[in-house]
Amino acid sequence: MANIIDGKAVSAKVKEQVRIETEALIQKHGIQPGLAVVIVGNDPASRVYVNNKKKACEAVGFKSFEYALPEETTQEELLELVDTLNKDKNVNGILVQLPVPKQIDDKAIINAIAAEKDVDAFHPENVGRIMIGEYSFLPCTPAGAMELIDSTGVEIAGKNCVVIGRSNIVGKPMAMLLLHRSGTVTICHSKTQNLAEVTRQADILVAAVGRANFVTGDMVKEGAVVIDVGINRLDNGKLCGDVNYAEVEPKASWITPVPGGVGPMTIAMLMRNTLTAAKAQNGIQD
Ligand code: NAD
């Protein structure tokens, strides 16, 4: 029987810490962090994410600026808005909700966001900083997954860590963060052969595949820490992770549920990044 890693509780702690630090920042320095969230088009899932980010901003005491642009927005129009936000002193963090409609090149948008306001940490400068371990922000989902591993008290150094998935927003940075903490890291992907053999070596297994119930019991070592990043919607409307929870839970020592695991951490880490950005942009160290 695994211990359940409670993402809701850990994320609540992170947000409470951000709220306390924000209050102090406002009182001592008169600075209230501001996050601009831009959404283009009518994707219902994106709409939900943006609303949740707005609510989280309010809860920690940030200013939140929302820009809801129509589906037919051109790349030039979006770039113009990003440029305006880059120059706006009230805006410390800028997030353009992905995916954007197909007439817009998401890379061009990410590259246009000022690196110091790139609270998603997707800009090539921030990605490069993560590679060399000199980062100001970490991408929110892998950073949240690291917080959850740390909440277990399990030491990462020297452990076999296997990440399934090599995307730029989850798999690759996750692997790099585990490496920075001296894990022995293997990245698996769609071309990996004998996947189960590799994953069975993992003391810490992170699944970021995007396929419901992909990680089955036979793929997991007895006593492993299992972090499920996947969010998949089943035909019955329910959310489900990449890990077959019923099969894996009895073998794992620690496991994240879906929902209620990594998901809530992503927004909490976004709040932390925005606070960090506000302090850095105002030359505040504490
Ligand atoms: P992605 O589609 O960009 O990447 C999926 C990765 O899985 C790829 O690198 C691919 O090589 C690998 N893969 C696919 N089939 C495989 C197979 N048969 N064997 C081994 N590897 C295989 O997805 P992503 O953006 O990295 O997201 C992954 C999952 O995490 C999705 O379910 C997504 O919804 C979820 N996600 C959750 C959060 C959160 O806040 N919790 C944030 C981002 C993404």
Side-chain angles (χ1 to χ4, degrees), residues 1-7 10-11 121 127 130-133 135 138-232 239-266 269:
M1 276 272 285
N3 296 292
I4 314 288
I5 305 175
D6 185 347
V10 180
S11 71
V127 174
I130 292 161
M131 283 293 288
I132 58 174
Y135 40 77
L138 294 175
C140 302
T141 301
M146 291 299 287
E147 288 280 331
L148 292 182
I149 297 171
D150 284 336
S151 77
T152 67
V154 170
E155 179 66 56
I156 298 171
K159 295 282 164 57
N160 281 337
C161 305
V162 174
V163 180
I164 320 178
R166 58 174 161 184
S167 70
N168 287 336
I169 63 167
V170 189
K172 274 190 226 168
M174 185 73 220
M176 205 47 61
L177 299 190
L178 290 164
L179 183 62
H180 287 322
R181 297 283 297 279
S182 301
T184 301
V185 183
T186 307
I187 306 176
C188 299
H189 47 78
S190 52
K191 299 283 190 290
T192 297
Q193 302 208 337
N194 305 320
L195 179 66
E197 261 174 48
V198 183
T199 58
R200 272 198 295 270
Q201 304 299 315
D203 302 304
I204 298 172
L205 179 62
V206 181
V209 189
R211 286 202 195 183
N213 298 318
F214 180 80
V215 176
T216 46
D218 60 313
M219 294 169 72
V220 177
K221 175 168 150 179
E222 201 72 46
V225 175
V226 179
I227 305 293
D228 189 351
V229 181
I231 301 178
N232 308 291
L239 285 186
C240 140
D242 289 346
V243 174
N244 184 322
Y245 192 87
E247 289 187 17
V248 173
E249 186 272 336
K251 292 184 89 175
S253 60
W254 290 91
I255 190 166
T256 58
V258 177
V262 177
M265 292 304 294
T266 300
M269 302 320 282

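Nothing here was measured: the structure is a model prediction, and the numbers come from that model.
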Can you see which heavy atom on [X] is nearest to which on [Y], and at what distance?
| X | Y | result |
| --- | --- | --- |
| L179 | V185 | N-CG2, 3.6 Å |
| A212 | C240 | CB-SG, 3.6 Å |
| P257 | Y245 | CA-CE1, 4.0 Å |
| D218 | T216 | OD1-OG1, 2.6 Å |
| V243 | N213 | O-OD1, 3.6 Å |
| M219 | F214 | SD-O, 3.6 Å |

Can you find a heavy atom in the side chain of [X] that is under 4.5 Å from one in the side chain of [Y]?
| X | Y | result |
| --- | --- | --- |
| D242 | V229 | no |
| M265 | V10 | yes |
| I156 | C161 | yes |
| V206 | V162 | no |
| I164 | T199 | yes |

[X] [atom1] to [Y] [atom2] distance, which is reported to the nearest 0.5 Å:
| X | Y | atom1 | atom2 | value |
| --- | --- | --- | --- | --- |
| T192 | E197 | OG1 | CD | 12.0 Å |
| I204 | M174 | CD1 | CE | 8.0 Å |
| S11 | L148 | OG | CG | 8.5 Å |
| N194 | R200 | CG | CZ | 9.0 Å |
| L177 | H180 | CG | NE2 | 6.0 Å |
| K221 | S253 | NZ | OG | 10.5 Å |

For the side chain to side chain contact (heavy atoms under 4.5 Å, CB included) test, which of L205, V248, N3, I227 pairs with I255?
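Single side chain to side chain contact (heavy atoms under 4.5 Å, CB included) partner of I255 among L205, V248, N3, I227: V248.
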
Kindly list each side-chain donor-acceptor pair under 3.5 angstrom involving residues 139-147, sequence neighbours excluded, with atom names and distances?
| residue | atom | partner | partner atom | Å |
| --- | --- | --- | --- | --- |
| T141 | OG1 | T266 | OG1 | 3.1 |
| E147 | OE2 | R272 | NH1 | 2.9 |

Which pairs, with at least one residue in residues 154-174 and sequence neighbours excluded, count as a side-chain hydrogen bond (donor to acceptor under 3.5 Å, both in side chains)?
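Sorted result for residues 154-174: N168-K172.
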
